[in-house]
Amino acid sequence: MKTVSRIQTLQKILAPLRGKKKVGLVPTMGALHEGHLSLIRRAKRECGCVVVSLFVNPLQFGPKEDFKTYPRDLPGDRKKAASAGADLLWAPSVEEMFPPGHQTFVEVEGVGRRWEGASRPGHFRGVATVVAKLFQIVRPDRVYLGQKDYQQTRVILRMVRDLAFDLSVRICPTLREKDGLAMSSRNQRLSAEERKAAPVLYKALRNGEALIREGERESRRVIQRMEEVIRSEARAKIDYIALADPETLEPIDRIAGRVVLLGGVKIGAVRLIDNLVMNIHE
């Protein structure tokens, strides 16, 4: 596996492969865990060349968020990516990706408006901008994303459709710890006691799912149940709990067909998100 930092170097390596091998891209912010590695392994099964991008994107962090403290471990990430089958690890600097004078941004309206978009103003503009640039630089045939960041996947899918990127997006299942906690780089920042409390979000989502399977169709009652579960954990603070249309991310009043249960909570200083997608057959 080669590690490169310059855009020009990466493009020079990839240019001879165009039309000969499928190029798969796994975009990450580093601090790789088993969830990331599962994406790399799938990409390796389906593509002749796998590029893993490692870039902590400052554009998607708010002024009071954890950009400076976000976990970083390039040597460890290099070993993990290689072991999972990556061919290229691309780790550009902020200056390489956004040189002085950078003035161009991509914004996906509608699907990025609520939930994470409302809680973190400017977040999805930062995501869409950097991902569009990754696509333009790498020009992958396939891109691999995890479902844990559900709304982010919808934003990227909408951008791909609207801007006619010539690639396909693979959404891969969320990987979880034994107690249900969705794997996330931010989990590293939880204290021992906070780590014990962290699965409460998934527990709440599962309670909401169970209530729906029992026949409840009023969203407000399902949301109330999920909020009660989270409030039972003193270390958890609710940001949002929602039931939404899985395509538009607009809230729904009555549950029918496909629905996504979404949640964002803070455990201490660490913000965690999770989701469950259901298909209701009346």
Side-chain angles (χ1 to χ4, degrees), residues 35 108-121 123-124 127-128 145-162 169-184 186-187 196-267 270-282:
V108 180
E109 298 182 349
V111 72
R113 181 166 64 96
R114 297 182 183 273
W115 321 128
E116 290 294 292
S119 294
R120 305 176 68 188
H123 170 68
F124 285 129
V127 169
L145 306 173
Q147 186 177 298
K148 181 187 74 70
D149 299 293
Y150 186 86
Q151 190 174 9
Q152 178 171 288
T153 69
R154 296 297 110 182
V155 167
I156 293 171
L157 284 168
R158 184 75 264 169
M159 181 185 73
V160 166
R161 294 188 194 109
D162 290 352
V169 179
R170 302 285 198 265
I171 309 299
C172 305
T174 302
L175 263 64
R176 300 184 180 278
E177 306 290 353
K178 291 181 179 179
D179 59 5
L181 177 64
M183 291 184 180
S184 169
R186 284 186 168 91
N187 294 349
K196 291 179 183 177
V200 71
L201 175 54
Y202 184 57
K203 180 181 177 182
L205 294 173
R206 290 298 303 270
N207 269 258
E209 178 188 44
L211 191 58
I212 294 169
R213 295 205 184 283
E214 290 167 7
E216 181 58 68
R217 295 295 178 263
E218 295 293 329
S219 292
R220 61 182 179 82
R221 291 175 180 164
V222 177
I223 291 170
Q224 182 179 26
R225 169 73 67 84
M226 293 191 288
E227 289 177 342
E228 287 171 353
V229 172
I230 293 172
R231 290 192 181 106
S232 70
E233 172 49 65
R235 290 180 173 81
K237 181 179 179 181
I238 297 172
D239 184 349
Y240 63 87
I241 294 292
L243 270 75
D245 181 286
E247 298 300 321
T248 67
L249 273 296
E250 289 297 305
I252 58 175
D253 294 323
R254 185 155 184 87
I255 300 163
R258 293 183 74 242
V259 61
V260 59
L261 292 74
L262 300 164
V265 302
K266 287 194 77 172
I267 307 290
V270 181
R271 191 170 178 281
L272 303 176
I273 61 173
D274 204 347
N275 66 85
L276 284 176
V277 179
M278 297 184 66
N279 198 354
I280 308 303
H281 300 284
E282 296 290 358

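Quantities reported herein were computed from a predicted structural model and do not represent experimental measurements.
For R206, the CZ atom is loosely surrounded, since the number of other residues' heavy atoms within 6.0 Å does not exceed 12. The environment of CG in N279 is crowded: more than 12 heavy-atom neighbours from other residues, nucleotides or ligands sit within 6.0 Å. No more than 12 heavy-atom neighbours from other residues, nucleotides or ligands sit within 6.0 angstrom of CD on E109.
Note that CZ of R254 and CD of E218 are 5.0 Å apart. Values are rounded to the nearest 0.5 Å. To the nearest 0.5 angstrom, I255 atom CD1 is 7.0 Å from L261 atom CG. To the nearest 0.5 Å, the span separating CZ on R161 from CG on L157 amounts to 5.0 Å. Here L243 contributes atom CG and L262 contributes atom CG; the two are 8.0 Å apart, rounded to the nearest 0.5 Å. To the nearest 0.5 Å, the span separating CG on D149 from CG on D274 amounts to 10.0 Å. Considering CG of L145 and OG1 of T153, their distance stands at 7.0 Å, rounded to 0.5 Å.
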Side chains of residues 223-237: which donor-acceptor partners sit under 3.5 Å, not counting sequence neighbours?
| from | atom 1 | to | atom 2 | distance (Å) |
| --- | --- | --- | --- | --- |
| S232 | OG | V229 | O | 2.4 |
| E233 | OE2 | R235 | N | 3.0 |

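Counting heavy atoms from C-beta outward, I212 and R217 have side chains that approach closer than 4.5 Å.
R113 places no side-chain N or O within 3.5 Å of a backbone atom of A118 that could act as its donor or acceptor partner. Looking only at distances, no side-chain donor or acceptor of T174 sits under 3.5 Å from a matching main-chain atom of A182. One N or O on the side chain of Y150 and one on the backbone of P246 form a donor-acceptor pair closer than 3.5 Å. Although no hydrogens or angles enter the test, the distance criterion places a donor-acceptor pair under 3.5 Å between the side chain of N275 and the main chain of K148.
Between D239 and R120, none of the side-chain N atoms (NZ, or NE/NH1/NH2) sits under 4.0 Å from a carboxylate O, so this pair counts as no salt bridge. Between E116 and R154, no side-chain nitrogen of the basic residue sits less than 4.0 Å from a carboxylate oxygen of the acidic one, so the salt-bridge criterion is not met.
Shown here for Q151 and G117, the closest heavy-atom pair between the two residues is OE1-N, 4.1 Å. For L272 against L201, the heavy-atom pair with the smallest separation is O-CD2, 3.8 Å. P199 approaches D179 most closely through the heavy-atom pair CG-OD2, 3.2 Å. Contact record, I171 with V169: CD1-CG1, 3.7 Å, taken as the closest heavy-atom pair. Considering every non-hydrogen atom in both Y240 and S119, the closest pair reads CD2-OG, 3.8 Å. Closest approach of W115 and L249 over heavy atoms only: NE1-O, 2.8 Å.
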